[in-house]
Amino acid sequence: MSSRTSPVSQPITIRRAVARDAKRLTRLVRGSGAYEGKYAAAVAGYRVSPDYIEAHRAFVAVGADEYEGRVLGFYSLVLAPPELDLLFVADDVQGRGIGRLLVEHMQSEARAAGLDRLKVVSHVPAEDFYHRVGAVRTGTAFANPPAVPWDRPEFEFRIPPE
């Protein structure tokens with residue numbers, strides 16, 4: 001795996017997101033460098049609400065020591081239909097394995113829920129990441145203007161039984 005920075009050397013805890021995390025998760029989404037320029041409109045008004053967190057299996061990666069309990073990333077798993085809805089890692093800690101940890105955790109949660117596969121509609125700049133963590137390209141989600149005026153790669157995670 002190529003990385004822009006060194007791997008995480010401090011402990012990372014993945015825990016269930018709670019309603020009070022909503023503002024932090026919203027800031028992660030809106031502040032993502034992957035959504036700058038032509039992609040900015042897609043997240044400009046996006047909000048991860050407490051209701052969203054309560055309705056979905058949302059989990060956060062929390063750093064210890066040097067990160068002082070900061071939320072470093074998160075994902076949201078939707079069970080019906082099975083989909084990885086959101087996956088974000090803070091820009092300053094990307095390339096350190098946090099996204100991979102979140103994907104591994106998501107796969108474990110999906111397996112525990114009885115899923116054998118799930119869909120991901122990827123942001124274009126995240127396509128290489130999904131390839132590296134084992135997702136298989138299955139197609140294209142076509143543009144849906146005005147919200148998303150570009151085509152996006154569609155992937156599938158196959159969840160093997162333990």
Holding to side-chain hydrogen bond (donor to acceptor under 3.5 Å, both in side chains), I want the full list of residues that pass it with Ser76, two or more places apart in sequence or in another chain. Tyr52
For the student: nearest non-hydrogen atoms of Ala17 and Leu25, plus distance: CB-CD1, 4.3 Å
Nearest 0.5 Å, what's the NE2-OG distance between His131 and Ser122? 8.5 Å
Quick one: do Tyr39 and Tyr46 end up in the same hydrophobic cluster if we chain Ile, Leu, Val, Met, Phe, Trp and Tyr together by side-chain heavy atoms under 4.5 Å apart? yes
Using side chain to side chain contact (heavy atoms under 4.5 Å, CB included), reason through Phe155 and Glu127 one step at a time and then give a plain yes or no. CA-CA 9 Å; Phe155 289 90; Glu127 185 171 3; 3.5 Å; yes
Here the pair of heavy atoms bringing Gly31 nearest to Asp91 is O-OD2, 3.5 Å
Quick one: list whatever passes side chain to side chain contact (heavy atoms under 4.5 Å, CB included) with Ala42, sequence neighbours left out. Tyr35, Trp150
For residues Val136 and Leu115: do they belong to one hydrophobic cluster (side chain heavy atoms under 4.5 Å, members Ile, Leu, Val, Met, Phe, Trp, Tyr)? no
Sequence-distant partners of Arg117, side-chain hydrogen bond (donor to acceptor under 3.5 Å, both in side chains), two or more places apart: Glu156
Compare all side-chain heavy atoms of Arg111 with those of Pro160 and state whether any distance is below 4.5 angstrom. yes
Do Leu84 and Leu79 share a hydrophobic cluster, counting only Ile, Leu, Val, Met, Phe, Trp and Tyr and linking them when any side-chain heavy atoms are less than 4.5 Å apart? yes
Supply the atom-to-atom distance Gln107 CD to Arg158 CZ, rounded to the nearest 0.5 angstrom. 12.5 Å
Leu86-Val124 co-clustered via ILVMFWY side chain contacts under 4.5 Å: yes
Within the side chain of Asp151, is there an N or O that forms a donor-acceptor pair under 3.5 Å with the backbone of Ala143? yes
How close do Ala61 and Ile12 get, heavy atom to heavy atom, and via which atoms? CB-CG2, 3.9 Å
How close do Arg152 and Val148 get, counting heavy atoms only, and between which atoms? NE-CG1, 3.4 Å
His105 side-chain N/O to Ile14 backbone N/O, donor-acceptor pair under 3.5 Å: no
Start with the C-alpha gap between Met106 and Leu87, add the side-chain angles, then the distance that decides, and say whether side chain to side chain contact (heavy atoms under 4.5 Å, CB included) holds. CA-CA 10 Å; Met106 176 274 303; Leu87 174 63; over 6 Å; no
Over all atoms of both residues, closest heavy-atom pair of His56 and Val78: CD2-CG2, 3.2 Å
Could you walk me through whether Val121 and Glu154 pass the side chain to side chain contact (heavy atoms under 4.5 Å, CB included) check? CA-CA 5 Å; Val121 177; Glu154 198 168 273; 3.9 Å; yes
Tell me, with the steps shown, if Asp21 and Phe59 meet side chain to side chain contact (heavy atoms under 4.5 Å, CB included). CA-CA 10 Å; Asp21 292 322; Phe59 291 85; over 6 Å; no
Evaluate the side-chain proximity of Val89 to Phe129: yes if any heavy-atom separation is below 4.5 Å, no if none is. no
Output yes when a side-chain donor or acceptor of Arg100 lies under 3.5 Å from a complementary backbone atom of Leu102, and no otherwise. no
When every non-hydrogen atom of His123 is compared with those of Ala34, the smallest separation belongs to NE2-O, 2.7 Å
